[in-house]
Amino acid sequence: MKKYNFNAGPSMLPREVIENTAKQCLDFNGSGLSLMEISHRAKDFQPVLDEAVALIKELLHIPEGYSVIFLGGGASLEFCMIPYNFLINKAAYLNTGTWAKKAMKEAKLFGEVVEVASSADANYSFIPKGWTCPSDVDYLHITTNNTIYGTEIRKELDVNVPMIADMSSDIFSRPVDVSKYDCIYAGAQKNLAMAGVTLVIIKDEKMGKAPRQIPTMLDYRTHVEKGSMFNTPPVVPIYSALETLRWIKGNGGLEEMEKRANERADALYAEIDRNKLFHGTVAEEDRSVMNICFVMNDEYAELEKPFFEYATSKGMVGIKGHRSVGGFRASCYNAQTMEGVNALIKCMQEFEAQH
Ligand SMILES: *Cc1c(COP(=O)(O)O)cnc(C)c1O
């Protein structure tokens, strides 16, 4: 039976990305060696890194003065590297979910942290509005897509301070005005590649300003100066990122990714709103187009498990909601297809008809 992958991360990748990466794992560029067993210093690997960086700059229209690096440690390591490198006196954080809160916790180790707003009291079911950011902060940290709760900031915020963004789960799903950010970071395993690498985009002039000594490996300058080759980079994840970037470009770039994401999300939310069994969990204007969360209506609460089993029997994978929201979460990253979304919608309609 055909499986439809709605996993939240690691998550679905385009089939050709997986196939092309698998081929290189068997025989890298006809060298007779696997991508897994070549040196990262081998002459064939540098072009992989260079092309990946060039495609990232091209797709996101990154202006001059920014560097693009690949690191280990996941987005979670960036939670501490950001304040280590960029927090001088005071930083502002917008608390929109679990990941934002974790980022804020690390920042408190390095200086004063202002929580400009929070929707924690409402189980993070909306993006706070109408707040102001102090003008004397070093940066405002935001999480553009809240993977667990299914809210998203899809329009660039209008603030008077530089922003730093965790874009782990919506990077490359829309055009971004990179000039508004001092730093953008993203763990790869949601929308870019297999797990094991983190993408970081940094404004060069903002490095080296923090009044503290930084361990070599946690200092962005180390990795920028060495072009992500200070130590052994995760070669296979970077290769799979390159394949995804080629796929994005070949499929029309970020405008097209955004169009497809909207089409998928519009269709699924329309069904959630129409179907008598379900309702969405977040404020309509803040609905994520990447992670679509929904729960059973109260009067059908006992049908949660049966629906999960029904959908699973029809090939849906990974639709169980995160434990902090419950219900269901259909993750629709770039690689998700309209066919997958329609298959899920069909399950919802068939299940409704049975009840
Ligand atoms: C998954 C995720 C993280 C954590 O990523 P790791 O690479 O596992 O550390 C952080 N932020 C967001 C928004 C995420 O979706």
Side-chain angles (χ1 to χ4, degrees), residues 5-13 69-84 91 93-107 118-120 123-128 139-154 157 163-174 176 181 183-201 217-218 220 223 228 233-234 236-238 240-241 244 261 265 281-282 286-293 318 320-325 329-336:
N5 184 356
F6 291 95
N7 277 325
S11 44
M12 185 176 178
L13 289 169
I69 53 175
F70 292 105
L71 301 179
S76 299
L77 185 61
E78 303 313 306
F79 295 163
C80 90
M81 283 181 74
I82 293 294
Y84 226 143
Y93 278 70
L94 180 61
N95 183 3
T96 54
T98 307
W99 300 115
K101 200 169 146 197
K102 288 188 178 184
M104 197 158 57
K105 175 175 178 238
E106 301 306 308
S118 167
S119 48
N123 202 32
Y124 296 116
S125 57
F126 65 94
I127 303 284
Y139 60 82
L140 166 69
H141 180 281
I142 63 170
T143 311
T144 50
N145 184 63
N146 298 285
T147 323
I148 292 176
Y149 298 93
T151 61
E152 188 172 12
I153 301 170
R154 287 194 74 79
L157 293 179
M163 287 191 284
I164 291 182
D166 176 358
M167 295 195 184
S168 292
S169 53
D170 67 350
I171 194 155
F172 301 120
S173 74
R174 64 177 166 101
V176 169
Y181 299 87
C183 181
I184 292 170
Y185 62 94
Q189 69 273 20
K190 312 285 167 47
N191 222 358
L192 179 60
M194 59 184 281
V197 69
T198 311
L199 165 64
V200 186
I201 301 165
M217 276 295 285
L218 300 182
Y220 286 124
H223 303 285
S228 306
V236 181
I238 291 173
S240 69
T244 306
T281 57
V282 303
D286 299 324
R287 284 175 161 179
S288 167
V289 302
M290 299 276 101
N291 308 99
I292 296 171
C293 296
K320 205 172 174 47
H322 190 275
R323 62 188 175 283
S324 40
V325 178
R329 171 175 54 175
S331 295
C332 298
Y333 300 119
N334 282 345
Q336 188 57 263

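Remember, it's a predicted structure, so these values are computed and weren't measured experimentally. All ligand and atom numbering here is 1-based and tracks the order in the structure.
In this structure, Gln336 and Phe6 have side chains that are in contact, with non-hydrogen atoms separated by less than 4.5 Å. For the pair Tyr220/Leu71, a side-chain contact is recorded, criterion being any heavy-atom separation below 4.5 Å from C-beta on.
Counting the atoms of ligand 1 from 1 in the order shown, those under 4.0 Å from a heavy atom of Phe79 are 10 (C). For ligand 1, the atoms closer than 4.0 angstrom to any heavy atom of Gly74 are 7 (O), 9 (O). Counting atoms of ligand 1 from 1 in the listed order, those under 4.0 Å from a heavy atom of Ala75 are 3 (C), 4 (C), 5 (O), 6 (P), 7 (O), 9 (O), 10 (C). Contact atoms of ligand 1 toward Asn145: 13 (C) (distance under 4.0 Å to a heavy atom of the residue). Against a heavy-atom cut-off of under 4.0 Å, Ser168 is close to the following atoms of ligand 1: 10 (C), 11 (N), 12 (C), 13 (C), 14 (C), 15 (O).
Ring geometry, His141 versus Phe79: the interplanar angle exceeds 60°, so the pair is classed perpendicular (tilted spans 30 to 60°).
Among the atoms of Gly73, none of the N or O lies under 3.5 angstrom from an N or O of ligand 1.
Side chain of Arg329 to main chain of Thr147: a donor-acceptor pair is present (N/O by atom type, distance under 3.5 Å, no hydrogens or angles).
Minimum heavy-atom separation, Ser118 to Tyr124: OG-CE2, 4.4 Å.
The protein non-hydrogen atom at the shortest distance from atom 1 (C) of ligand 1 is Lys190 NZ, 1.6 Å. The nearest heavy-atom contact from the protein to atom 9 (O) of ligand 1 is Ser76 OG, 2.6 Å. Taking atom 11 (N) of ligand 1 as the reference point, the nearest protein heavy-atom neighbour is Asp166 OD2, 2.6 Å.
Only the side chain of Gln189 comes within contact range of ligand 1, with a heavy atom under 4.0 Å; no backbone atom does.
Each of Asn146, Val282, Leu157 was evaluated against Ile127; a single residue qualifies, Asn146, per the side chain to side chain contact (heavy atoms under 4.5 Å, CB included) test.
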(request) Test side chain to side chain donor-acceptor pair (under 3.5 Å) on Ser331 and Asn291 and set out the steps. (result) CA-CA 4 Å; Ser331 295; Asn291 308 99; 2.9 Å; yes

